[in-house]
Amino acid sequence: MSALTQRLFGEGVVARSVNGIFGSPKAVVAFIVCITLVLAAIFAPLIAPQDPYDLLQIDIFDARLPPMSEGYNGMLYVLGTDTQGRDMFSAMLYGLRTSLMVGLSAGLLALIIGASLGLLAAYAGGRLDAFIMRIVDLMLGFPTILIALLVLAVLGQGTGKVIFALVLVQWAYFARAARGAALVEVNKDYVEAARCLGLSRPRILFGQLLPNCMPPLIVIGTIQIAQAIATEATLSFLGIGLPITQPSLGLLISNGYQVLLAGLYWISVYPGLLLLALVFSINIVGDRLREVLNPRLAK
Amino acid sequence: MTWRASIARVAITSALLASLSLTALAADIVIGRSTEPSAIDPQFSRTGNNQMTADNMFETLLSTDANLQMHPHLATEWTNIDPLTWEISLREGVTFHDGSPFTADDVLFSLDRTDKVPNSPAPFSDVVSSVDTVEKIDDYTIRVTTKQPNPALMEQIGRVFMLSKAAAEGAELADFNSGKAAIGTGPYQFVAWKPAESLTLKAYPDYWGEQPDFENVEFRFIANNAARTAALLSGSVDLIDLVAPSDVPRLEQEANIKVYPIESGRLVYLALNMRDDTAPGVVDASGQPINPNPFRDANVRKAVSAMIDRSLLVDRILGGSGVPSAQVVPSALGGYVPDLLPTPADPAEAKRLLAAAGFPDGFGITLYSSNDRFPGDGEIAQAMGQLLARGGLQVNAVQTQPYNVYAAAATKGEYGAFIFSLGASTPNSESNLRSLLQTYDQEAGTGGFNRMRYSNPEFDAMLRSAMEEFDYDTRMEKLQEATRIAMDDQAIVPLFFQKIYWASRDGIDFTPNLAERTIAQDVRLEK
């Protein structure tokens, strides 16, 4: 493990990433936006004036109020209310929380599963390699949204199920990237040395190979987290993702979309802007990391 | 000048004027429809989208008016010789679009073909299932015998679309779709059908009934609600159906747009599943399924009903596009019970009933609903969650799914408390009571939509007695009595009847109808 920690925190990946981000004003702004949104999501229960997931706290009498309206019980709705009488500001904070939670856990789980299989394929070679990579090809051959739709149609709604569906459609990207990176490394002298020292297979895989394959994985990880958030929003928009009483950003947009022509723009537009800001900033950071960490692009 | 010459002059002038005004009337119209047919063969499927397409070109023995009541049409009168035998007179002077006369042979052929259409996804079989024999007496009289006494025979065979025997015998689906076999007696005749795009018709000049106002009609299929509204606003279509309730206020503001509302026969209701010892999603405080199933207790069902403020649902969620209900059919239909009205929400009564059923602290419940079947269905489910939570139940989740996924699971009994809708297409409540509330029996084919498996012998007996009653008034009274029995028992929790809307540009008139059908003959030039 020491090699990994050293590479990550010494002159390694983290240092290069941080320096890289601060080398570009565009990336700095995106990074600040990211951090702000993550903090807002974490502290949502403290910031939000209302728990929008508690059916007893929202009041249908306050439905469809425009921004800056005062409600039936004297509460000020800064960004208005949705068709159920839910405070939009609170709903967006909680929705952000749900979206980020789903995106991060799906992205990380997919990274762990995908990277492990990719490394194993590269290191083992032969039939196991062929087997894993054919499954990867198969998964990449299907449209993401189609698989996720099928899985959720069978399993039903729920946060856990959405994460499962997202991991299922995303691990293959990590597996392919990890294998590609590991194939370059696997014949290098230090791996050969480790093998001669009689280190166990897991130690070689995760102690030696993984740290050297991290840069591309981090880049793909960032992009895939943004991708997962967007996919979750799409699924919820199609009415098959999260429960309607616990709206994520995608579900808020979907609910508002139905009344957009009737002039209730705030229900759909504000969550839409927030989702845009979130996915856009993560992508900018991810792009910058790719520029910094990719040896071919490094100057 | 002689009086003869002046008469001749007047006659010529008026003929000229008449022909002028005729050409002026020969307008064209484009109608934006939300659904499209799956085939042109009128007997292929009894789904609304196919039937309202066929209604333009084909006709039935009885016609259905805007309030779903049936009137003599191609059949002019009928008499019962005895409870099993009916003699039916046919309208004379009716011709098919190819010019050939409509006679008893075409009726015999059409009735016989009704349950023999291959691959039909929703066959008309049950409308002829009671028919034993059909014979021709002369060209304009037929005699029908039934297997059992069937007072509703004319309402049933009156729905069968009449085909031309000469054109349709041996014809396949493709022959209808190309127009070759699409020969009816209706006011409009087939020109072309482009699936997913449009259906073009033209007026049939020798139509026996009221002449249509339009020479050429184009139905454009626009599934997306917003796109349909936009098409009307931009003027590319003259009339649209199924206007989204949220778009109605916007359209009503437009000076040159007319909106046609009607209280439809589509009931939105909450079903409480009684089929097993436990109901999915119905749990105690520790999350364990409650056995015995609370929904088998009428007190619990009544308590749930008493928690619901129906006017609030309709006003707040649907913007007023609904009519609160306490029974299965709307007031325009036979069998409606005038004094069975929705009561306001009564939380105290709900609490009392729950306590009487042994649940003073309520229980946990999951609500299920579709989210794309009718306007606002997902929203309704969520608001119902609020209402039930305020009423004393622990609403653990509100799950909504697209209708295709949802309907299959609901039919299999996978939901405990679920929101569903049922449309009306018959003149009285019999058909809906039979499919929704009669005891489910797969072999006998009863209770097809009784997804909650409600079963009450007293109700079944009253309904059966209504079905066998020949006297119309007594039959309606028995249907009312059956409805009372089921609603006293809170077999379902009725919520509201949906209001539906059409909208058109100025200059034309449309007659809205309970059957949710959009046909060219109901569109007229403004007078």
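Numbered from 1 within each chain, the chains take letters A, B, ... in sequence-line order. Keep in mind that the numbers below use all heavy atoms, side chains included, and drop hydrogens, waters and symmetry copies.
Neither the backbone nor the side chain of B:P249 comes within contact range of chain A, judged by heavy atoms closer than 4.5 Å. Residue A:Y53: no heavy atom, backbone or side chain, is found under 4.5 Å from chain B. Of the two parts of A:I58, the backbone and the side chain both hold a non-hydrogen atom closer than 4.5 Å to a non-hydrogen atom of chain B. Using a 4.5 Å cut-off between heavy atoms, B:A244 does not touch chain A at all. In this structure, chain A has a heavy atom under 4.5 Å from the side chain of B:V405, while its backbone stays farther away.
A distance of 6.5 Å separates CD in B:Q386 from CG in A:D59, rounded to the nearest 0.5 Å. Here A:F61 contributes atom CZ and B:D315 contributes atom CG; the two are 9.5 Å apart, rounded to the nearest 0.5 Å.
Residues A:G239 and B:N371 approach most closely at O-ND2, 3.0 Å, considering heavy atoms. For the residue pair A:L55 and B:G385, the shortest heavy atom distance occurs at CD1-C, 3.6 Å.
For NZ of B:K351, the number of neighbouring non-hydrogen atoms (other residues, nucleotides, ligands) closer than 6.0 Å is 12 at most. In the displayed structure, A:Y257 atom OH is contacted under 6.0 Å by at most 12 heavy atoms of other residues, nucleotides or ligands. Annotation for A:F164: atom CZ does not count as buried by contact number, only 12 or fewer foreign heavy atoms lying within 6.0 Å.
Remark: the backbone N or O of A:G263 is not paired with any side-chain donor or acceptor of B:R250 at under 3.5 angstrom. Remark: side-chain polar atoms of B:E379 are not paired, donor with acceptor, to backbone N or O of A:Q84 under 3.5 angstrom.
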Mind running side-chain contact (heavy atoms from CB on, under 4.5 Å) on A:I60 and B:D309 for me, showing each step along the way? CA-CA 11 Å; A:I60 203 170; B:D309 188 336; over 6 Å; no

Intermediate values then yes/no, side-chain contact (heavy atoms from CB on, under 4.5 Å), A:R86 and B:Q382: CA-CA 11 Å; A:R86 198 176 270 125; B:Q382 223 185 139; 2.4 Å; yes

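Most heavy-atom pairs under 4.5 Å with chain B, from the set A:I244, A:I240, A:T245, A:L264: that is A:I244. Among A:L152, A:D82, A:T83, A:D54, the residue making the largest number of heavy-atom pairs under 4.5 Å with chain B is A:T83.
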